[in-house]
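Here the structure comes first, spelled out in structure tokens, and everything after it is commentary.
Just the heavy atoms: all of them, side chains too, but no hydrogens, waters or symmetry mates, feed the values below. Just so it is clear, the model here is predicted, and its values are computed rather than measured.
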Amino acid sequence: MAVVQIIEKNKDEVFALHTQAETLTKEAAQLQEKGTRLQDELANTQDGLTAANRKSTENDQQTRQIEQKLDQAKRDRHAQLNTLQTQEKAAKQQHQTIVAQFEARQRDLAAIQDDIQHIFNTDHLIRLFQLHDNHQYGVLASDFGAAQEQDMVAIFQYLEAHLKHPAILISYGYDPDLADHIQTWAAKHDLHTPTVYNLFTELQKSAPNTAQQMTIPDNDHWRSVWSDGRRTRDIYDHDQHLMHVTYRDADHINQIDYYSEEHLPKRSEFNEHGQLSRTTTFAKDGTMQQVDYYRIEGTLVLSFHYVDEKVDNIQMFDTNGLLYTVFNSTHDLAYWWLAAFWKQHPELFVIGDPSDPIFTRLAADYADQELPYFSQITTKPAPVKKALQDTPWTQLLVATMADQQALGKITNRDLSVDYIATGAADTLPEALTLAAPAQTKAAAQANE
């Protein structure tokens, strides 16, 4: 019995030891697992420390580089300051020299002004203006009316006498026969026919010249009445309605007036080739309502709309019939075209009438390339004086030498001037004649 008890007791102890061994084995495994985890964490920590140390080293290097750059920048700044101070000192000395030279030139100028005032009785110098062969010269004119003809002839005679190449005519007035009129005018005054640029002619140009020539075929139902010389033709239809036709010559129609109920609602005008150039529509009271201009291929290019017989707006169309732009007045259209023309001819100098609002308006941008022509300075100096005050022209043309001399009494600045007249007008200024003025003789006698 005692042996059995001992055996059972030993079994219990063995079981307890076995259980304890299993527990210790599990704890050992957990400890081993924890040790492995701690080893990994330690390795990661060491890697982080290594990276941090490397980053710290890089930061230290960058810090040293920045400090080196700052030190170099300080040294450069100090050197630049020294250089700038030296340059400033030299600039001050140069400025003082320039100021002294300027003051000396001012004194010289004042002395010259005194001489000019004493000799020519004017405060400003009137120098001779000369045309240059490397420039192109043109004359701006809206038309060739009788009032302008004498001046235009004198101007073109002057240009032919001074230029090796022909001058040009720039016109912004409508004239379907302008080329013929200019050729006739030039032949009449024994001048070379100038090259002509016209606002409407240029805008009416197009690559394809495909518009049909206007002809009026015979019709048995019409009754025609020709004028003497067969220059005009009144055509009546079977209802006795009138259509009046004007011929430029035997082959080309110049104008057709379409009548309705004894008033003129529409007029068509044709160019020298018999192609439609413009149409004008009238109200029953005879006032203009609309004027349309056509390109030589037949498309509409300009449409003038009138209110109370004054231009209200001008519409411009492209070759596809689309509205390109709108102008408020004829002056706006002319200014737009002339400014664009000038940009295409930068070497161009334009002679014009100072009373022409288009010429004066262009002076805001092209005063240095404008040559205003004043024809009545001795008789009407006030308008000339005002024009010179309002517009910054420094070069101009006048009619006679007397006009050139008269400028000295009204100008507010130095000018470059030439006169276009020849012959009897070629007289010396009073200050340069051998006969001294009365006050000069009196002063000489007083000195004696």
Side-chain angles (χ1 to χ4, degrees), residues 102-132 135 137 139-140 150-152 154-155 157-159 161-162 349-356 359-360 362-364 366-447:
F102 175 75
E103 291 175 349
R105 296 297 181 271
Q106 288 292 94
R107 290 191 296 271
D108 293 342
L109 180 60
I112 292 174
Q113 292 289 358
D114 290 340
D115 291 340
I116 294 173
Q117 175 65 34
H118 176 69
I119 298 174
F120 296 101
N121 194 26
T122 178
D123 290 331
H124 299 282
L125 183 63
I126 307 299
R127 293 166 295 209
L128 176 64
F129 171 79
Q130 293 182 335
L131 302 182
H132 298 279
H135 292 159
Y137 292 89
V139 181
L140 179 66
Q150 182 177 355
D151 287 336
M152 295 298 290
I155 291 172
Q157 288 176 339
Y158 168 81
L159 292 176
H162 290 78
F349 280 70
V350 175
I351 302 170
D353 183 355
S355 64
D356 183 348
F359 185 78
T360 305
L362 286 166
Y366 302 99
D368 291 340
Q369 293 176 259
E370 285 191 335
L371 290 172
Y373 171 66
F374 295 96
S375 60
Q376 297 179 338
I377 299 179
T378 55
T379 58
K380 297 180 180 179
V384 180
K385 182 177 181 180
K386 185 177 186 308
L388 292 177
Q389 291 173 344
D390 296 341
T391 310
W393 290 311
T394 57
Q395 51 191 13
L396 50 95
L397 297 176
V398 297
T400 66
M401 179 176 279
D403 289 327
Q404 186 185 47
Q405 297 170 22
L407 281 172
K409 300 178 181 179
I410 61 175
T411 183
N412 59 353
R413 57 185 175 272
D414 294 347
L415 293 175
S416 297
V417 185
D418 197 9
Y419 60 95
I420 65 172
T422 58
D426 292 335
T427 57
L428 287 173
E430 182 181 8
L432 298 182
T433 57
L434 295 178
Q439 61 270 24
T440 305
K441 291 183 178 179
Q445 292 173 358
N447 290 332

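Within the 4.5 Å cutoff, the side chain of Val384 has heavy atoms near those of the Leu407 side chain. With contacts defined as side-chain heavy-atom distances shorter than 4.5 Å, the pair Tyr137/Leu131 qualifies. The side-chain heavy atoms of Ile351 and Leu159, taken from C-beta on, include a pair separated by under 4.5 Å.
Nearest approach of Lys385 to Ile410, heavy atoms of both residues: CG-O, 3.6 Å. Here the closest heavy-atom approach between residue Asp403 and residue Ala399 is recorded as OD2-CB, 3.4 Å. Minimum heavy-atom separation, Pro372 to Leu396: O-CB, 3.4 Å. Listed here is the closest heavy atom pair of Val417 and Gln404: O-NE2, 3.1 Å.
Remark: His162 NE2 to Gln130 CD distance equals 8.0 Å, nearest 0.5 Å. In this structure, the separation between CG on Leu388 and CZ on Arg413 is 5.0 Å, given to the nearest 0.5 Å. Of the inter-residue distances, the one linking Thr394 atom OG1 with Leu415 atom CG reads 7.5 Å to the nearest 0.5 angstrom. Atoms CG and OG1, from Asp390 and Thr360 in turn, are 9.0 Å apart once rounded to the nearest 0.5 Å. Interatomic distance, CD1 of Ile420 versus CE of Met401, reported as 13.5 Å (0.5 Å rounding).
Among residues at least two apart or in separate chains, ring-ring contact (aromatic ring centres under 6.0 Å, His included) pairs with a member in residues 371-400 are Phe359-Trp393.
Ala406 meets the side-chain contact (heavy atoms from CB on, under 4.5 Å) test with Ile377, Thr378; sequence neighbours excluded. The ring-ring contact (aromatic ring centres under 6.0 Å, His included) test applied to His135 returns His132, Phe349, not counting sequence neighbours.
Looking only at distances, no side-chain donor or acceptor of Gln395 sits under 3.5 Å from a matching main-chain atom of Leu371.
Tested against Tyr419, the residues Leu397, Leu128, Val398 include a single side-chain contact (heavy atoms from CB on, under 4.5 Å) partner, Val398.
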